[in-house]
Amino acid sequence: MFNPIQTTIQPIPDCYLNMSQDVLEQHIQNIKDTLGDKLFMPTHHYQKDEVVQFADITGDSLELAHICRNNRQADYFVFNGVHFMAETADILTDNDQHIYLPDLTAGCSMADMANINQVLYCHHRLTNDYTLNLLPLTYVNSTAAIKSYVGQHDGTCLTSGNARAIVHWALEQDKTILFLPDQHLGRNTAYQLGVPLEHMAVWDPIQKRLEYEGRKDQLRIILWKGHCSVHEKFHKVHIDQARQQNPNVNILVHPECPFDVVQASDYAGSTRYIIEMIQNAPTGSHWRIGTEMNLVNRLKATYPKIHIDSLNPLMCACLTMNRIDLPHLAWCLDKILDGQHDNVIKVDDATAYYAKKSLDRMLSID
Ligand code: 13P
Ligand code: SF4
């Protein structure tokens, strides 16, 4: 039986940091050739180009979840993304398929804004003090423990790619939605589906209180007070400035951006939606995009006949996604060859059982 060994995170050995890019690339390619179909590298669109070049497949969170679930031949998945994505892949794959995260410090600041104890406390307060009948939904950008809590309470996961369909499904139940952990995705999606802002509340996990001034019978959705530290850096003033500079510019943003930004944009949608909008954009058209910088730069390079810039001229990439680089990838692949397991992401069986229910429900609604 495979037993991943839990270790403290070791610093990367100097030998990997001292290798030239050419040597690292050759090393990685050699191991890919050696392992063949036993190795599979799903890679999120926010990864750097140096990593994307080795991807077996690139995708957004939803696409990568589908792809991992359907891959039955790989023994080793090297997940070029962040921790919650690797956990999701582990839950959706067989027990004898092992998920490696090349840098164990590649987390997600949004996922870190909700831990299971905070969520259980919130659930207790909302069901006891406010006597609400809750239907929890969680963005996949959350821990496996939170996905498991959601699965136990008949809720579902969602991603930016299916948020509309899932929130629509949830609104049809006779319950109050608890939307974790991204308030912006929750607010933007519910509003798009016709829920007025006055019928939405916010749960503040730090102050441990519900922010709501309306009538209880009108409360439709409670938004967890979390956000993405990348997408919150887009502001309405950036849109005003872009339109001043060029009245014909198209503003395209991800729904993790704040409400006023999404409202002032021309188009808002998931990573897949953003890519498709640019793929179909007329030659010579002008775009300002509000999403992660590696993706914006890649779109810019891929479509040189379309004028693309970041909506925030001072934007940088997602720092945690960027922790995956060639030295960590090479080190991780060497560990696979050596039979070392310290980069394996393994969700315990009890947590995985209900977390899988919330993911399966999402994939069936989608
Ligand atoms: P999607 O891949 O669902 O668009 O999410 C974006 C994101 O922030 C991933 O961490
Ligand atoms: Fe998390 Fe935002 Fe980075 Fe995505 S872009 S991994 S939500 S911090």
Side-chain angles (χ1 to χ4, degrees), residues 44-46 60-62 81-85 106-119 121-122 136-143 146-147 150 157-164 166-167 177-193 195 197 200-212 221-239 251-265 268-271 273-274 289-296 310-312 314-322:
H44 193 272
H45 287 300
Y46 292 178
D60 63 12
S61 313
L62 180 59
V82 289
H83 191 273
F84 72 80
M85 296 179 183
C108 162
S109 58
M110 179 201 288
D112 289 346
M113 288 178 200
N115 69 47
I116 186 61
N117 291 331
Q118 292 172 315
V119 171
Y121 176 79
C122 168
L137 304 181
T138 188
Y139 197 16
V140 287
N141 301 32
S142 55
T143 63
I146 291 178
K147 292 183 176 79
V150 167
C157 292
L158 57 90
T159 78
S160 61
N162 59 18
R164 201 185 151 99
I166 301 276
V167 175
I177 299 170
L178 172 61
F179 191 101
L180 302 150
D182 182 13
Q183 60 170 315
H184 300 309
L185 181 65
R187 186 177 291 112
N188 289 323
T189 309
Y191 188 81
Q192 200 188 18
L193 289 166
V195 180
L197 294 180
M200 302 184 199
V202 171
W203 175 262
D204 184 333
I206 306 297
Q207 302 298 329
K208 299 184 177 173
R209 64 157 196 241
L210 189 68
E211 298 171 0
Y212 183 60
I221 182 165
I222 298 167
L223 308 164
W224 189 267
K225 202 170 194 169
H227 62 264
C228 164
S229 43
V230 173
H231 290 91
E232 70 149 9
K233 295 201 172 55
F234 298 104
H235 302 294
K236 168 126 180 337
V237 66
H238 294 131
I239 300 184
I251 309 289
L252 172 60
V253 302
H254 193 281
E256 286 176 18
C257 291
F259 181 73
D260 60 338
V261 171
V262 170
Q263 287 302 303
S265 69
S270 66
T271 301
Y273 174 86
I274 289 173
I289 306 182
T291 197
E292 201 275 341
M293 209 53 207
N294 282 324
L295 175 60
V296 174
S310 172
L311 180 56
N312 177 348
L314 301 176
M315 196 64 196
C316 55
C318 172
L319 294 178
T320 47
M321 284 272 183
N322 261 262

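In what follows, residues are counted from 1 in the order of the sequence shown.
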> Would you say the side chain of P181 lies within less than 4.5 Å of the side chain of T138, judging by non-hydrogen atoms?
Replying inline: yes
> Quick one: ring-ring contact (aromatic ring centres under 6.0 Å, His included) partners of Y121, sequence neighbours excluded?
Replying inline: none
>> When you compare the side chain of L158 with that of Y139, does any pair of heavy atoms fall below 4.5 Å?
In response: yes
> If you measure from OG on S270 to CG on L62, what distance do you get to the nearest 0.5 Å?
Replying inline: 8.0 Å
> Between K225 (side chain) and P205 (backbone), is there a donor-acceptor pair under 3.5 Å?
Replying inline: no
> Taking C-beta and beyond as the side chain, do Q263 and I239 meet within less than 4.5 Å on heavy atoms?
Replying inline: no
> Quick one: ring-ring contact (aromatic ring centres under 6.0 Å, His included) partners of Y46, sequence neighbours excluded?
Replying inline: H44
>> Let's go through M293 and S310 carefully: what are the C-alpha distance in whole Å and the side-chain angles of both, what is the deciding distance for side-chain contact (heavy atoms from CB on, under 4.5 Å) to 0.1 Å, and is it a yes or a no?
In response: CA-CA 7 Å; M293 209 53 207; S310 172; 3.7 Å; yes
> Out of V202, L223, I166, which one pairs with F179 under the side-chain contact (heavy atoms from CB on, under 4.5 Å) rule?
Replying inline: L223
> Which class fits the ring pair Y191 and F259: parallel under 30°, tilted 30 to 60°, perpendicular over 60°?
Replying inline: perpendicular
> Are the side chains of H231 and M110 in touch, meaning some heavy atoms are under 4.5 Å apart?
Replying inline: no
> So, S61 and T159: side-chain donor and acceptor under 3.5 Å apart, yes or no?
Replying inline: no
>> If you define the side chain from C-beta out and look only at heavy atoms, does anything of M85 sit under 4.5 Å from M321?
In response: yes
>> Please evaluate residues V140 and K147 with respect to the criterion side-chain contact (heavy atoms from CB on, under 4.5 Å), reporting the C-alpha separation (whole Å), side-chain torsions for both, the decisive distance (0.1 Å), and the verdict.
In response: CA-CA 8 Å; V140 287; K147 292 183 176 79; 4.2 Å; yes
> Within the side chain of E292, is there an N or O that forms a donor-acceptor pair under 3.5 Å with the backbone of C318?
Replying inline: yes
> Has the side chain of N188 got a donor or acceptor atom that lies under 3.5 Å from a matching backbone atom of C257?
Replying inline: yes
> If you take all heavy atoms of L295 and H45, which pair is closest and at what distance?
Replying inline: CB-O, 4.0 Å
>> So if I apply the side-chain contact (heavy atoms from CB on, under 4.5 Å) rule between P136 and each of V150, I146, V119, I222, which one comes out positive?
In response: V150
>> The test is side-chain contact (heavy atoms from CB on, under 4.5 Å); show your working for Q118 and W224 and say whether it passes.
In response: CA-CA 10 Å; Q118 292 172 315; W224 189 267; 3.8 Å; yes
> Between S142 and L180, is a side-chain contact (heavy atoms from CB on, under 4.5 Å) present by the stated rule, with each step listed?
Replying inline: CA-CA 8 Å; S142 55; L180 302 150; 5.9 Å; no
>> Are L311 and V253 packed together at the side-chain level, in the sense that at least one heavy-atom pair is separated by less than 4.5 angstrom?
In response: yes
> Hey, does T143 have a side-chain heavy atom less than 4.5 Å from the side chain of N115?
Replying inline: no
> Where is the tightest heavy-atom contact between V262 and A268, given as atom of each residue plus distance?
Replying inline: CG1-CB, 3.8 Å
>> Restricting to non-hydrogen atoms, name the atom on H254 and the atom on T291 that form the minimum distance, rounded to 0.1 Å.
In response: CB-OG1, 3.9 Å
>> Test your reading of the model: is there a side-chain donor-acceptor pair from T320 to the backbone of G107, 3.5 Å cut-off?
In response: yes
>> I'd like to check the ring-ring contact (aromatic ring centres under 6.0 Å, His included) partners of H235; sequence neighbours left out, ordered by chain and number.
In response: H238
> Would you say V230 and M315 make side-chain contact, with heavy atoms under 4.5 Å?
Replying inline: yes
